[in-house]
Asker: 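The structure's right below; bear with me while I get my questions together.
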Amino acid sequence: MKGSCSSVSNLLERYFDHEVTENEKALVEEHLPSCSTCQETLKLMGGIRDVMRTPVEEALQGEDFQRVWQHVDREIRLRESPPWWESVWLNLPNLLRRRIWVPAVAATIALVLVIAPLFLKKTSSYPGSSDIEYVQSQDYNVMVYQSDKATVIWLLDGKEEGAGTS
Amino acid sequence: MNILSFFPSKNKNLENPEEADLISRCRKGDQDAFKEIFDRYHKRVYRIAYGMVRQKEDARDIVQEVFTKLFRSIQDFRGKSKFYTYLYRMAVNTTIDHTRKMGKFSAFSLDEEGAFEPSGEPEQRPDRIFLRKELEGKLNLALEKLPPDQRMALVLREVEGLSYQEMAEAMGCSIGTVMSRLHYARRRVQTLLKDYLKEGKTI
């Protein structure tokens, strides 16, 4: 039985694209000889395919792909030895995906916690590298001033000092 | 029996061991292997690019960008999908991005390099060439009015000859979506070119 035009027209596009089953193909091919509308539709689709394909194939023939490769090759070589910050940036997605960032971040935080107090330690307000220490005992009070150039030690009587300051 | 088995995909050879070896070498940074990949696939990428943008210079830029991206990202290709799917998807995305950046392409900008050379062949006669260029201009106008996804569906099918399944993989959508995009694209192009094609102004 020949399929109706409406039922076959739904298959025409898939028939044209070779995406129908054998049964569907038989149905369309049985209907086509007697239907000028469906023939016209197929012809139109074929025309569009030709119009689209021909200029592309012509453009393809006239291309110098060796030159395109040279550009690609140059780009690749430039990318082969990028600066370190660019390497890190480019590899960031991979690093994040591989989850090695978890121990890396933990190690960085630990390092910061160890180093930070060293930098935050109070330093002398005297110019240059110098230090003053003051040691108190029962008998004597000792004050030591140390700098790059000299060391000065004051030995003070503890009782007198204590009396003096009180 | 599935009709697809009667129309074997031209891409089936992409799954062979030789290609797997080539990709493996590329992943190790072997540039000779990458050159071979370029030689195998550059025309396919070019067809997609030129089919979409209709400008030689832009098509070349897209090919260059796709293969540069491919070299950088081939390390991440684990073979979960077929290589051609991976490459086509990259080509599709790069081309669509490029199209969006360009905005509307010039419908009547015929490439200087595409200028005709007089010849005795009927296809090369000036009157035929004039009709052909006129039709190409009309086609470009029709394509310009399509959303990039629909235009891409038309290019992948009509120019590159991909199956619905391959198109779905390349475009990252379902076969139903592919059919729908293709249908609307064809209908709109047919409406605009109907008169020309009926009058026999074929190229």
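Remember, predicted model here, so these are calculated numbers, not experimental data. Here is how names work: the chains are called A, B, and so on, in the same order as the sequence lines, proteins then strands, and each is numbered from 1.
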Asker: So for Gln66(A), is it side chain, backbone, both, or neither that comes closer than 4.5 Å to the heavy atoms of chain B?
Answerer: side chain
Asker: Under 4.5 Å between any side-chain heavy atoms of Arg54(B) and Val56(A), yes or no?
Answerer: yes
Asker: If you take all heavy atoms of Ile48(A) and Arg186(B), which pair is closest and at what distance?
Answerer: CD1-O, 4.4 Å
Asker: How far does CD of Glu13(A) sit from CZ of Arg157(B), to the nearest 0.5 angstrom?
Answerer: 10.5 Å
Asker: Under the rule for side-chain hydrogen bond (donor to acceptor under 3.5 Å, both in side chains), what residues qualify as partners of Ser36(A), not counting sequence neighbours?
Answerer: none
Asker: On a heavy-atom basis, which atom in Gln64(B) and which in Val68(A) lie closest, and how many Å separate them?
Answerer: N-CG1, 4.3 Å
Asker: CZ/Arg53(A) to CZ/Arg47(B) distance, rounded to the nearest 0.5 angstrom?
Answerer: 8.5 Å
Asker: Enumerate the ring pair (Phe, Tyr, Trp, His ring centres under 6.0 Å) contacts for residues 141-161 of chain B, please, sequence neighbours excluded, ordered by first and then second residue.
Answerer: none
Asker: Using a 4.5 Å cut-off on heavy atoms from C-beta on, say whether the side chain of Phe67(B) contacts that of Glu75(A).
Answerer: no
Asker: Enter the distance from Arg77(A):CZ to Phe71(B):CZ here, rounded to the nearest 0.5 Å.
Answerer: 9.0 Å
Asker: Heavy-atom count around Phe16(A) CZ within 6.0 Å, excluding the residue itself: above 12?
Answerer: yes
Asker: Once rounded to the nearest 0.5 Å, what's the spacing between atom CE of Met52(A) and atom CZ of Arg151(B)?
Answerer: 9.5 Å
Asker: Below 30° counts as parallel, above 60° as perpendicular, anything between as tilted: where do the rings of Tyr46(B) and Phe65(A) land?
Answerer: perpendicular
Asker: What's the separation between atom OG1 in Thr68(B) and atom CZ in Arg74(A), rounded to the nearest 0.5 Å?
Answerer: 11.0 Å
Asker: Under a 4.5 Å heavy-atom cut-off, does chain B meet the side chain of Asp73(A), its backbone, both or neither?
Answerer: side chain
Asker: Taking Gln190(B) for the side chain and Leu44(A) for the main chain, is one N or O donor matched with an acceptor at less than 3.5 Å?
Answerer: no
Asker: Are the side chains of Asp17(A) and Leu182(B) in contact, using a 4.5 Å heavy-atom criterion?
Answerer: yes
Asker: Answer yes or no: does atom NZ of Lys35(B) have more than 12 heavy-atom neighbours from other residues, nucleotides or ligands under 6.0 Å?
Answerer: yes
Asker: Looking at Glu63(A) and Arg60(B), does any basic side-chain N land under 4.0 Å from a carboxylate oxygen?
Answerer: yes
Asker: For the atom pair CD1 (Ile76(A)) and CD (Gln31(B)), what is the distance rounded to the nearest 0.5 Å?
Answerer: 5.5 Å
Asker: Taking side chain as everything from C-beta outward and backbone as N, CA, C, O, which of these in Glu24(A) sits under 4.5 Å from a heavy atom of chain B? Side chain, backbone, both or neither.
Answerer: neither
